[in-house]
Amino acid sequence: MADKDDKPDTVDLTSIRQKIDEVDVRIQALLNERARYAKAVGEAKLRENGDGPVDFYRPEREAQV
């Protein structure tokens, strides 16, 4: 990295931004995977309860997560 009085080192800056982009892609993939699992949980709850009411929101589970 450059000193505070110099221009930023574009190679380092580019490399760092690329690493951030790579992390962002992995985060997005993990969020999508989590969403699929959350959807599967909701579908399982609907199957288990049949015509009865389904408690989708459980504050204790949210606190646990």
Side-chain angles (χ1 to χ4, degrees):
M1 299 244 167
D3 293 334
K4 66 178 181 175
D5 295 332
D6 295 334
K7 290 183 190 177
D9 186 341
T10 56
V11 174
D12 284 344
L13 186 57
T14 300
S15 175
I16 293 167
R17 286 181 174 157
Q18 182 178 5
K19 294 294 184 188
I20 289 172
D21 291 345
E22 291 168 5
V23 169
D24 287 345
V25 167
R26 294 193 333 244
I27 290 170
Q28 183 177 11
L30 288 169
L31 287 171
N32 288 335
E33 181 179 357
R34 187 190 189 289
R36 285 190 299 273
Y37 286 125
K39 182 179 177 190
V41 166
E43 291 168 350
K45 285 182 176 185
L46 284 173
R47 281 192 307 273
E48 287 178 3
N49 288 340
D51 291 334
V54 179
D55 185 15
F56 288 105
Y57 177 68
R58 292 183 37 226
E60 70 277 6
R61 176 63 181 145
E62 183 177 325
Q64 189 180 41
V65 170

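We number each residue from 1, following the sequence as shown. Just so it is clear, the structure is predicted and the values come from calculations on it, not from any experiment.
Note: Ile16 CD1 to Asp21 CG = 12.0 Å, rounded to the nearest 0.5 Å. Expressed to the nearest 0.5 Å, how far CZ of Arg17 lies from NZ of Lys19 amounts to 15.5 Å.
Each of Arg34, Glu33, Lys39 was compared with Arg36 under the side-chain contact (heavy atoms from CB on, under 4.5 Å) criterion, and only Glu33 meets it.
Contact of the Val41 side chain with the Arg61 side chain is not registered, since no non-hydrogen atoms from C-beta on lie closer than 4.5 Å.
In the displayed structure, Gln28 atom CD is contacted under 6.0 Å by at most 12 heavy atoms of other residues, nucleotides or ligands.
No continuous path of ILVMFWY side-chain contacts below 4.5 Å connects Phe56 to Tyr37, so the two sit in separate hydrophobic clusters.
In this structure, Lys45 and Asp55 approach most closely via the heavy-atom pair NZ-O, 3.1 Å.
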